[in-house]
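Along the sequence shown, residues carry numbers from 1. Indexing begins at 1, ligand by ligand and atom by atom, following the structure's order. Values below: every heavy atom of this structure, side chains too, minus hydrogens, waters and symmetry copies.
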Amino acid sequence: MDVKVLVSGASIAGPVLAYWLNRYGFDVTVVEKAPELRKTGGHAVDLYGPAMEISERMGVGAAVKDLATGTDDMAVLRNDRPARHIDLRKIYEAGSDKHVEIMRDDLSGIYFDTARNDVEYVFSDSISEIAEDGEVAFDNGPTRKFDLVIGADGLHSNVRRLAFGPESDYSSFLGAYLAVQSVPRDFGEPGMYKVYTEAGLLTGVYGAEHLDDARAVFLFRTERPLDYQRKDIPLQKDFVRERFADRHPEVDRWLTELDGTPAFYFDSITQLSMETWSKGRVSLVGDAGYCPGPAVGGSTSLAVYGAYVLAGELAEAGGDHTKAYPAYERAMAEAVEKSRSFARGAAKSIIPGSRFGSWALVNGARLVTAMPGPIRRGLMKMNGASIRFFDSLPVKDYERR
Ligand SMILES: Cc1cc2nc3c(=O)[nH]c(=O)nc-3n(C[C@H](O)[C@H](O)[C@H](O)COP(=O)(O)OP(=O)(O)OC[C@H]3O[C@@H](n4cnc5c(N)ncnc54)[C@H](O)[C@@H]3O)c2cc1C
């Protein structure tokens, strides 16, 4: 098929989309603004049923399982009292029949490897202009012509800004922030997620057998968005320090690493809501088009699923985007709406708003794990939506055309 597709972004949605488009015979180029695949930084992400099934169809199901974090015990730290333990396996099982937790950077590397030799990857560049006829200008490279341009460039998507306007037109703040930093390996214990929670905040550390470091995650609520520039990392670190210092000796130890950490991620928990995420030759996939909110709504599984569906619909329409884009949006509508709804509930319950909320979170989780399977599954609801909806999404076989 002589259809040239430019994909912006090489994290999760980008490499999955590139793999499937290449498999269906499209000519694919991926442009990524980072100088190389971003191998460090980020939190563990969840793959639910359909995302695992798609990974298996890409031939990487075993590789994904091999690099699973294996975190199955949550130890809730308390001042002057022993930690309280929660069996996470029971919570995962209640959420999905095929759940795998894996580091974002490991997953990105696995997906990238599936088509790295068949797809053109261009690093250290970014799109600066997209003309209606498909002519694309870049910050560094020469202007080139493509039939289709797809933004897989995350919550702060550049393609979305160029084609649809400023992010503020489509985003709503869910009342919380997320920071993740790398800490020395011995701060974590493979298999265990050490957590400390109080009203308005939650922090934790975990490691995995195969990792050289451990990761500390900080989640906190604010009524209004904080005033900072996205690139002002020292200020972001100050926000974390201000919120989490002097609460527990272990947490203070994690904070001592903030200045020297080799990888730091900070973002608001923001949800995107667009009526349509396609315009002319341009479409969006993953967080760029329908981020339910980092850390709260299954955004990675949604990105994998969206990339698979978009590639499949384009293949089915023989590359005719006027047919494929509306079909893609129809096929995604329910999944996007349910993850949004789940994320809005999770943003409130994962970071408890009051002392009673922290107590309820810990004791509620312990109670949930003690219930028989079917009851547990029923209790895994946020805002009326259960994360189990992922497992009910159809994974159509687009190759059987
Ligand atoms: C380094 C990093 C750390 C992360 N850590 C967390 C975390 O701790 N918790 C969490 O919930 N989510 C995290 N995320 C987001 C998470 O990966 C996504 O929510 C989810 O996996 C959906 O993936 P995506 O591919 O749609 O978007 P993303 O994973 O956000 O990927 C977007 C990609 O586009 C690239 N990009 C951005 N702008 C441009 C541009 N102008 N031109 C070309 N490329 C561009 C980015 O470098 C990135 O590779 C992180 C993302 C990144 C990139």
Side-chain angles (χ1 to χ4, degrees), residues 6-18 29-47 51 69 101-112 121-130 136-141 149-163 167 174 176-182 204 206 215-219 230-231 233 262-272 277 284-308 310 336 339 343 346-347 350:
L6 175 64
V7 178
S8 170
S11 172
I12 303 294
V16 174
L17 179 66
T29 299
V30 181
V31 59
E32 162 63 53
K33 79 168 177 195
E36 57 178 345
L37 202 67
R38 299 175 66 160
K39 291 197 203 76
T40 51
H43 188 33
V45 296
D46 296 299
L47 291 184
T69 59
E101 187 192 64
I102 179 169
M103 302 309 294
R104 184 209 66 86
D105 28 350
D106 285 337
L107 185 64
S108 176
I110 291 172
Y111 288 150
F112 171 69
Y121 273 95
V122 180
F123 287 94
S124 301
D125 212 346
S126 173
I127 299 172
S128 55
E129 228 178 296
I130 308 167
V136 177
F138 296 89
D139 285 351
N140 301 321
V149 180
I150 295 165
D153 41 6
L155 177 57
H156 309 294
S157 169
N158 177 46
V159 171
R160 187 185 60 235
R161 184 179 52 78
L162 292 170
E167 186 173 316
L174 294 190
Y177 283 83
L178 163 72
V180 184
Q181 66 158 336
S182 170
Y206 55 90
R215 309 280 164 97
V217 49
F218 301 90
L219 282 150
R230 246 193 314 122
K231 295 208 169 100
I233 292 171
F264 180 75
Y265 169 90
F266 185 93
D267 215 335
S268 60
I269 302 194
T270 292
Q271 185 164 96
L272 278 184
W277 49 87
L284 304 170
V285 66
D287 277 5
Y290 32 81
C291 179
V296 287
S299 47
T300 303
S301 287
L302 195 62
V304 171
Y305 187 69
Y308 177 81
L310 173 56
V336 168
S339 8
I350 291 174

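One option in D46, V30, D153, V180 has a heavy atom closer to atom 36 (N) of ligand 1 than any other, and that option is D153. In the candidate list S8, A13, S299, A13 is nearest to atom 25 (O) of ligand 1, counting heavy atoms. The heavy atom nearest to atom 47 (O) of ligand 1, out of those in R104, E32, K33, is found in E32. When G154, S128, C291 are ranked by how near their heavy atoms come to atom 30 (O) of ligand 1, first place goes to G154. Among Y290, Y111, Y265, the residue whose heavy atom lies nearest to atom 12 (N) of ligand 1 is Y265.
Ligand 1 places these atoms under 4.0 Å from at least one heavy atom of S126: 40 (C), 41 (N), 42 (N). With ligand atoms numbered from 1 in the order given, ligand 1 contributes 41 (N) to contacts under 4.0 Å with heavy atoms of N158. Shown in contact with G286 at under 4.0 Å from a heavy atom are these atoms of ligand 1, numbered in order with element: 26 (O). The atoms of ligand 1 that sit less than 4.0 Å from any heavy atom of L178 are 9 (N), 10 (C), 11 (O).
Atom CD of E167 sits in a crowded spot, with more than 12 heavy atoms from other residues, nucleotides or ligands closer than 6.0 Å.
Residues satisfying the ring pair (Phe, Tyr, Trp, His ring centres under 6.0 Å) test with Y121, not counting sequence neighbours, are F112.
Residue V31 places a heavy atom less than 4.0 Å from ligand 1.
Looking at Y111, its side chain never comes within 3.5 Å of a backbone N or O of A13 through a donor-acceptor pair. The backbone N or O of S11 sits less than 3.5 Å from a side-chain atom of S108, completing a donor-acceptor pair.
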Step by step, would you call M103 with V45 a side-chain contact (heavy atoms from CB on, under 4.5 Å)? CA-CA 6 Å; M103 302 309 294; V45 296; over 6 Å; no

Assess whether side-chain contact (heavy atoms from CB on, under 4.5 Å) is satisfied between F138 and L6, documenting all intermediate values. CA-CA 12 Å; F138 296 89; L6 175 64; 3.7 Å; yes

Verdict with reasoning, I150 to V159, per side-chain contact (heavy atoms from CB on, under 4.5 Å): CA-CA 7 Å; I150 295 165; V159 171; over 6 Å; no

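Residue I12 has at least one nitrogen or oxygen atom sitting less than 3.5 Å from a nitrogen or oxygen atom of ligand 1, judged on distance alone.
A salt bridge is defined here as a Lys NZ or Arg NE, NH1 or NH2 lying under 4.0 Å from an Asp or Glu carboxylate O, and R160 with D287 fails to meet this definition.
Using a 4.0 Å cut-off between heavy atoms, A152 contacts ligand 1 through its backbone alone, with no side-chain atom that close. Contacts between D287 and ligand 1 below 4.0 angstrom, taking non-hydrogen atoms only, involve backbone and side chain alike.
T300 and R104 share no side-chain donor-acceptor pair at under 3.5 Å.
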